[in-house]
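Positions are given from 1 along the sequence. Model, not experiment: these values are computed from the prediction.
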Amino acid sequence: MRLDSGSSSASLLRLVLLAAVIPLTAYFSPLTGQTAPQQTAFEQLRDSLATSSDTALLRTKLRKILDGLEAGAGLSAELRAGLVGLRLGELRADPDFSDALSSFRRAARLAAARPEPWYGLGLSAAARSQWEMRDPLRLGNRVGLGALERAADYYSRALDADPRFLPAALALPQVTMALLDTARLKQAQTALRRVVEAVPVRPPDLLLALGRVERSAGELDSAAIDFERYLLTGGSRGIGLVELARTRLALGRADGEAPYYEGASLDDPKVIAEYRADLEILAGGDLREFDSLKGQARATYLHRFWTERDHWELRPEGERLREHYRRLLFARAHFHLTISRRFYGPVDAYRSGNNEVDDRGIIYIRHGEPTERLRPFVFGVMPNESWRYARAEGDLLFHFSAGYNSYGGGDLYDYRLVQSVLDLHGAEDAPRDQLLLSRQSLSPVYGRMLNWGRFGSANAGARERNIGRTSIEVGTTTDSYELRFNRRLAAVADLIGVGRSAGGSLAHLVFGIAAPGTSPRLVAAGVEYAVRVRLVALGARDRSVATLDTTIVIALPEPLTKKQYLVGRAQLVLPPGHWRYRAAFQQADSAGVVLPFGTVRVAATDGSALSLSDIALGTPGRAVSWVTDAADTVLLTPSELFRKGAEIEIYYEASGAAPLERYRHEISVLPWNARGPKRRPLVSLSFEEGAAGEVIRSRRTVRLERLKPGNYVVEVKVTARDGSFQVRHRAIRLIEP
């Protein structure tokens with residue numbers, strides 16, 4: 001090969017030849033009196049070799065070094081040969097790193113008490129691990145992990161030889177956290193603490209490595225201190241802020257929010273990649289807006305991302321962010337994958353593509369701790385779990401199966417989602433009755449599958465599979481942090497958009513809470529019930545338009561009886577529009593309920609056109625009163641249930657009226673069936689009157705004594721003289737007295 005004097009290869013040759021004549025002690029002095037510059041000479045030589053990609057020149061030099069070894073050269077030559085072999089492996093000229101491993105092993109036999117040979121072995125083993133994982137001819141799920149474990153052992157041996165050997169101290173955490181072995185994490189933590197004590201000047205990267213290991217080992221308080229010290233000693237501000245934020249937030253500390261948002265405002269690509277990785281499990285691949293933002297705009301995006309989730313879940317701001325990092329840490333500790341490859345079959349129910357946590361970890365990060373978790377043993381069935389999440393909109397039910405069969409699956413320690421308990425690996429050979437009995441506490445459907453007849457069992461089985469399929473779809477595309485209470489209250493509520501205040505249009509959250517589970521407080525005049533009311537109204541893209549979190553105290557002369565309801569009202573200002581809403585009620589410390597989403601439509605009040613409010617209904621003694629801005633008292637009921645024969649007070653408002661113009665009002669009660677309301681009214685009331693102003697306030701009473709128990713619709717229609725009209729409906733159900 002011809003070399004130009006100015007080529008990089010020629011420069012490398014001069015460097016390597018120079019290294020061959022420098023005495024061993026210049027690179028590797030005795031342990032006593034070792035200084036930081038001498039300690040990094042091994043890494044300096046390695047970095048210098050990284051400038052070359054001429055494999056022919058490197059092989060020539062390696063042969064010369066090995067020839068010298070045959071003539072009796074010692075440790076220095078073995079280490080140089082190992083580094084040259086390591087570079088050849090990186091260039092894929094020696095893909096299995098056999099030359100590097102052989103040279104460093106010989107060096108370790110010559111000087112087992114020195115750290116450099118063990119560190120070199122660790123580098124070579126870690127590199128070999130990566131090659132094995134990339135090699136498609138190597139089959140299996142744990143390819144490369146054995147080499148990675150050996151790398152961790154070699155780095156530990158280097159630190160046993162010299163606790164001040166920083167390259168090994170910085171490399172050990174990387175492979176240890178990749179393995180996520182609890183015992184190894186503890187060992188690495190102990191080793192790094194020894195290094196911190198032994199090194200007189202602690203470089204920031206050492207404190208960063210220690211903090212990451214301590215956090216992975218569960219020592220979060222110590223990790224937070226390490227990251228604080230990392231920042232104080234001049235470490236990268238962005239990396240320090242994100243690591244400090246992750247740790248404080250996982251501890252549930254509110255002081256993790258400031259570093260979190262500050263770090264997000266820094267345009268450091270490495271830091272932004274960390275934030276993106278933490279979001280990806282929740283946001284999936286839809287992070288285009290995040291990727292397009294810079295600086296403070298990125299921090300604003302993240303603040304909105306987490307605050308909206310707080311509002312959805314009726315929680316104080318910051319709780320969802322803290323819970324996310326607690327979940328991330330928990331999932332990585334308890335649901336981590338001990339494999340390097342995941343293979344999917346054509347019938348696998350879900351393909352996360354995640355190589356860090358199994359499917360249990362994905363669901364846990366998205367939805368947190370399940371309400372119920374079963375890990376039953378059924379003869380013939382591979383390791384499996386079933387989780388149930390109790391939710392206001394309907395329970396989610398997940399089944400996870402380890403191992404594989406002819407239909408799909410993975411490693412014995414890779415838990416994957418399946419649609420049905422009958423899809424658990426090994427279920428086809430297991431006793432069906434035992435399998436279904438093991439899940440009976442999760443849902444009544446398993447009892448039906450077991451005990452109903454042939455057709456009933458088949459229908460129940462189809463329903464169970466549909467529940468599983470729907471749960472997977474919802475569970476892997478959404479996230480939640482729903483409020484939970486030790487005791488569930490029975491409650492009904494309705495959000496009624498009617499009326500106005502100085503702040504704008506009003507919506508009234510009218511609620512009724514059944515007496516069982518409530519706790520009154522004795523006062524001089526009787527008893528008081530304190531009810532915490534939480535409400536959020538959501539608009540486009542589920543962004544909150546209004547929130548409410550207040551406590552209402554309801555005074556009664558005596559405690560409620562078992563069949564009575566605690567009735568109350570809370571109001572908030574809502575802009576005109578059609579909104580989704582969600583409400584929760586809490587009584588005392590541990591009793592409460594989250595209600596399913598509802599909808600409310602708030603009429604426009606700008607006067608540009610006639611618009612009709614919601615219909616307020618109520619009966620004396622079974623409703624809560626509200627005084628309008630015109631000093632009228634209106635009854636509001638929280639439920640669609642009314643007694644047969646009741647007199648119902650109806651109130652509504654029409655905005656945008658022309659003063660003094662006459663409008664026709666029609667109030668009808670229509671029967672309702674599965675196909676909707678019938679157009680022939682059973683009760684009707686019509687009248688015409690002039691508008692006193694821009695707002696028409698109408699209050700009437702309708703008698704329902706002739707109607708049978710059943711479902712009905714109250715319809716209000718207001719028609720202007722030009723023929724334009726507005727119609728609103730309210731469903732009711734009549735029950736026996």
Can a donor-acceptor pair be found, under 3.5 Å and without considering hydrogens, that links the side chain of [X] to the backbone of [Y]?
X	Y	answer
R366	I281	yes
Y565	A514	no
R215	E243	yes
E319	D310	no
Y344	G353	yes
H399	G468	no
H367	T478	yes
S471	L397	yes
R326	A250	no
R487	S590	no

- Report the C-alpha separation of S501 and V573 in whole Å, then their side-chain angles, then the decisive distance to 0.1 Å, and conclude whether the side chain to side chain contact (heavy atoms under 4.5 Å, CB included) test is met. CA-CA 8 Å; S501 69; V573 174; 3.9 Å; yes
Could you tell me whether [X] and [Y] have a side-chain N and a carboxylate O separated by less than 4.0 Å?
X	Y	value
E473	R469	no
E257	R248	no
E323	R315	no
R212	D226	no
R521	E528	yes
E197	R194	no
E313	R320	no
R304	E289	yes
R582	E482	yes
D268	K270	no
E214	K186	no

- Close side-chain approach of I239 and L208, heavy atoms under 4.5 Å: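 I239 reaches L208 side chain to side chain.
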- Message: With a 4.5 Å cut-off on side-chain heavy atoms, are W306 and H324 touching?
- Response: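 Side chain of H324 against side chain of W306, heavy atoms only: contact under 4.5 Å found.
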Nearest-0.5 Å distance, [atom1] of residue [X] to [atom2] of residue [Y]:
X	Y	atom1	atom2	result
L374	W387	CG	CH2	12.0 Å
I362	T476	CD1	OG1	9.0 Å
L249	L321	CG	CG	4.5 Å
R534	T551	CZ	OG1	9.0 Å

How about [X] and [Y]: does a side-chain donor come under 3.5 Å of a side-chain acceptor?
X	Y	value
E43	Y119	yes
T371	R388	no
Q571	R569	yes
H311	T547	no
S441	E372	yes
Y325	D278	yes
R532	Q587	no
S352	R342	yes

- Can you list the residues that meet the side-chain hydrogen bond (donor to acceptor under 3.5 Å, both in side chains) rule with Q174, with sequence neighbours excluded?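 For Q174 there are no side-chain hydrogen bond (donor to acceptor under 3.5 Å, both in side chains) partners, ignoring immediate neighbours.
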- Would the F511 and F585 ring centres measure less than 6.0 Å apart?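 Ring-ring flag for F511/F585: true, centres closer than 6.0 Å.
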- F335 ring center within less than 6.0 Å of Y415 ring center: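 That pair fails the under 6.0 Å test.
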- Query: Any idea how Y364 and F330 line up, ring-wise: parallel (<30°), tilted (30 to 60°), or perpendicular (>60°)?
  - Reply: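 Because their plane-to-plane angle is under 30°, the rings of Y364 and F330 count as parallel.
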- Query: Which heavy-atom pair separates A584 from L314 by the least distance, and what is that distance?
  - Reply: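 Where A584 meets L314 most closely, the heavy atoms are CB-CD1, 3.5 Å.
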- Message: To check you understand the geometry: which heavy-atom pair defines the closest contact between I272 and L266, and what is its length?
- Response: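 Between these two residues, the closest heavy atoms are CD1-O, 3.3 Å.
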- Task: Evaluate side chain to side chain contact (heavy atoms under 4.5 Å, CB included) for S480 paired with R391, printing each intermediate quantity in order.
- Result: CA-CA 10 Å; S480 64; R391 307 197 326 160; 4.3 Å; yes
- Message: Before you tell me yes or no, could you show the steps for F290 and Y275 under ring-ring contact (aromatic ring centres under 6.0 Å, His included), namely the whole-Å CA-CA distance, both residues' side-chain angles and the distance that decides it to 0.1 Å?
- Response: CA-CA 10 Å; F290 174 85; Y275 279 91; 7.4 Å; no
- Task: Would you list the pairs meeting side-chain hydrogen bond (donor to acceptor under 3.5 Å, both in side chains) in which at least one residue belongs to residues 592-605, sequence neighbours left out?
- Result: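 Passing the test, one end in residues 592-605: no pairs.
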- Message: List the residues meeting salt bridge (Lys or Arg N to Asp or Glu O under 4.0 Å) with R500, not counting sequence neighbours, and say none if there are none.
- Response: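 E653.
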- Query: Cation over ring, R309 on F305, under 6.0 Å and within 45°?
  - Reply: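 Relative to the ring axis of F305, which defines the angle, R309 lies inside both limits.
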- Task: Would you verify whether the NZ or CZ of R416 falls within 45 degrees of the ring axis of Y350 while also being under 6.0 Å from that six-membered ring's centre?
- Result: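 Output no; distance or angle outside limits.
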- Query: Given the rule in the side chain to side chain contact (heavy atoms under 4.5 Å, CB included) test, do L535 and T550 qualify, once you have shown the distances and angles that lead to the verdict?
  - Reply: CA-CA 9 Å; L535 173 69; T550 187; over 6 Å; no
- Task: Test side chain to side chain contact (heavy atoms under 4.5 Å, CB included) on L123 and Y155 and set out the steps.
- Result: CA-CA 8 Å; L123 291 174; Y155 291 142; 3.5 Å; yes
